[in-house]
Amino acid sequence: MNRKKNLGLWLTLLIVVLIAVIDIPTYSKFLLIALFLGSLLYYRRSIIYYIRANSKITSKNEKDWQYAWPLYRKAIKAGLQKPFVITAASMFLQRGDAEEGKQIIEDYLASEKGRNENLDNVAKTMVSMAYWINGDLDKAIECVKEVHENGYRDKNLFINYTTYALAAGDLEKAEQLLDEAGQLEYSSPGIRDSRGWLFLLRGKWEEADALFEELIEKGPRFPEPYVHHAQVKIHFGQVGDAIELLKKALDARFANTSGFSKEIIQGMIEGLENPDTRRKCALEIDRDTISVAVGQSPKSIEETFPPEEGYVLDGFAKPKKQKKSAPKQQEKTPDESDNQSPNTDLTEEDLEYIRKHNLE
């Protein structure tokens, strides 16, 4: 791809030089060069729209995002290259109209031009997120299972597939995928969080605590690890620590594809902060590990309890001596754009896919 870019640049410069040396009046030369460059820009207008859209969607000011969507639409309509079409679709899935993102990917998969096997696998991995958003877990699993069986392997595939497997309660499949991910686990906060989630569901609380302590130190920017770690703290009756973690979760980035909502997290914080409901809320969270871990409110219990003034509750499990969550690895610096949820903040991640597989 770089060779093609360099060739295009040299050809453009050559044409400009040739126009400059033609024996015609100077104003005619300027006119020809202007016409040539104008035609070139018109031909490449799709990528210009795309770049402008990316500058809006990556803004820290969420109000700027609304200006990205018409630019992405113009880019696609103007013949944007297929890899960038898929990247644009991922932005719709995460931060815009998820149904529009799904339609863009489905249109790509129904087309014949500009497709290749690797890009098809990326697209199918992404469209699984649309089904996840709509609550169709079976269809989401069907998509990533097909990609996995095709032999394609990528970080987002492991994040999505393990998330769906854990949400479906298929712990054996989740463990198989995590083991298969190998060293990717240690460079991906999303995959690492899935390992901790698996520990939660198997009741390996000490291992989960050690893993999340290590992961939280790296400051992941998505809510799942903070909520999962809060579950561990509540299991041990450490409500004060759990509240701090849940508040950090509220400050994380939430995408359409996130399994968690700010409303549910805020509800747990309020229940734990109120002395009148502190014990009841803690017991509800601890007794319904599965629901809370996937982003749902815990099932309510009918029991009543006296007010609790302390932030460390008795009657809960006592932590044993913590074990290391895994043998020491030569870890890579985690990519902070990585996300546990089927997606999470993928602008750079998707572009990385495209560059990695020479799809530009």
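Treat the numbers as computed from the prediction; the structure is a model and nothing was measured.
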Joint cluster assignment, I191 & I216, ILVMFWY side-chain distance < 4.5 Å: no

Looking only at heavy atoms, which two atoms of I57 and R95 are closest? And how far apart? O-NH1, 2.6 Å

What's the shortest heavy-atom distance between S187 and K155, and which atoms? O-NZ, 4.2 Å

State whether the number of non-hydrogen atoms from other residues, nucleotides or ligands found under 6.0 Å of L171 atom CG is greater than 12. yes

S46 and Q81, any side-chain heavy atoms less than 4.5 Å apart: no

Counting distance only, does the side-chain N/O of E100 pair as donor-acceptor with the main-chain N or O of D97 below 3.5 Å? no

For the atom pair CG (L166) and OG (S194), what is the distance rounded to the nearest 0.5 Å? 5.5 Å

Scan V127, I104, I105 and name whichever one has a side chain to side chain contact (heavy atoms under 4.5 Å, CB included) with L93. I105

Would you call R278 and N274 a side-chain contact if the rule is heavy atoms closer than 4.5 Å? no

Joint hydrophobic cluster, V294 plus I290, side-chain heavy atoms closer than 4.5 Å: yes

Are any of the side-chain nitrogens in R279 or E308 under 4.0 Å away from the carboxylate oxygens of its partner? yes

Of all the heavy-atom pairs spanning R115 and L109, show the shortest one and how long it is. NH1-O, 2.6 Å

Report yes if some heavy atom in the side chain of L119 is under 4.5 Å from a heavy atom in the side chain of N116; otherwise report no. yes

Drop me the distance from F158's CZ to T162's OG1, to the nearest 0.5 angstrom. 9.0 Å

Under 3.5 Å, is there a donor-acceptor pair between the side chain of N256 and the main chain of G96? yes

Spacing of F92 atom CZ and K102 atom NZ [to the nearest 0.5 Å]: 15.5 Å

Will you find, in the side chains of N54 and Y72, an N or O donor that is under 3.5 Å from an N or O acceptor? yes

Do the ring planes of H148 and Y161 sit parallel (below 30°), tilted (30 to 60°) or perpendicular (above 60°)? perpendicular

Got a salt bridge between R287 and E303, using NZ or NE/NH1/NH2 to carboxylate O under 4.0 Å? yes

May I ask you to decide if K280's main-chain N or O and T277's side chain share a donor-acceptor pair within less than 3.5 Å? no

With side chains defined as the heavy atoms from C-beta onward, is the minimum distance between I51 and I47 less than 4.5 Å? yes

N61 vs D64 side-chain heavy atoms within contact, under 4.5 Å: yes

Distance-only donor-acceptor hits, side chain of residues 235-252, under 3.5 Å, sequence neighbours excluded:
{"from": "H235", "atom 1": "ND1", "to": "D286", "atom 2": "OD1", "distance (Å)": "2.9"}
{"from": "H235", "atom 1": "NE2", "to": "W205", "atom 2": "NE1", "distance (Å)": "3.3"}
{"from": "K247", "atom 1": "NZ", "to": "E273", "atom 2": "OE2", "distance (Å)": "2.9"}

Output the distance between atom CZ (F222) and atom OH (Y226), rounded to the nearest 0.5 Å. 8.0 Å

Checking the side chain of R192 only, and the main-chain atoms of L211 only, is there a donor and an acceptor separated by less than 3.5 Å? no

Side-chain donor/acceptor pairs under 3.5 Å, residues 137-147, sequence neighbours excluded:
{"from": "K139", "atom 1": "NZ", "to": "E142", "atom 2": "OE2", "distance (Å)": "3.3"}
{"from": "E146", "atom 1": "OE2", "to": "K124", "atom 2": "NZ", "distance (Å)": "2.9"}

Is the closest side-chain heavy-atom distance between V227 and V292 below 4.5 Å? yes

Side chains of I234 and L272: does their closest heavy-atom pair fall under 4.5 Å? yes

Within the distance-only criterion (no hydrogens, no angle test), does the side chain of N150 pair as donor or acceptor with the backbone N or O of Y152 below 3.5 angstrom? no

Give a yes or no on whether the backbone of D209 and the side-chain of E213 come within a donor-acceptor separation of less than 3.5 Å. no

On a heavy-atom basis, the closest approach of D193 and P225 is OD1-CA, 3.2 Å

Separation of S300 OG from L283 CG (nearest 0.5 Å): 11.5 Å

For the atom pair CD1 (I264) and CD (Q266), what is the distance rounded to the nearest 0.5 Å? 12.0 Å

Between T87 (side chain only) and P83 (backbone N and O only), is there a donor and an acceptor less than 3.5 Å apart? yes

Smallest separation among heavy atoms of W65 and K56, with atom names: CD1-O, 3.3 Å

Checking the side chain of E284 only, and the main-chain atoms of I301 only, is there a donor and an acceptor separated by less than 3.5 Å? yes

Residues D288 and K299 bridged, charged N to O under 4.0 Å: yes

Axial cation check for Y67 ring with R52, 6.0 Å and 45° limits: no

Tell me whether E207 is salt-bridged to R202, with the criterion being a basic N under 4.0 Å from an acidic carboxylate O. no

Any donor-acceptor N/O pair, R195 side chain to E185 backbone, under 3.5 Å: no

Polar side-chain atom of S258 near backbone of F254 as donor-acceptor pair, under 3.5 Å: no

Check: F84 and I76 side chains under 4.5 Å, non-hydrogen atoms: no

Please determine whether a side-chain nitrogen of the Lys or Arg among R153 and E180 lies less than 4.0 Å from a carboxylate oxygen of the Asp or Glu. yes

Closest non-hydrogen atom pair between I133 and A98, with its separation: CD1-CB, 3.8 Å

Any donor-acceptor N or O pair under 3.5 Å, side chains E117, N121: no

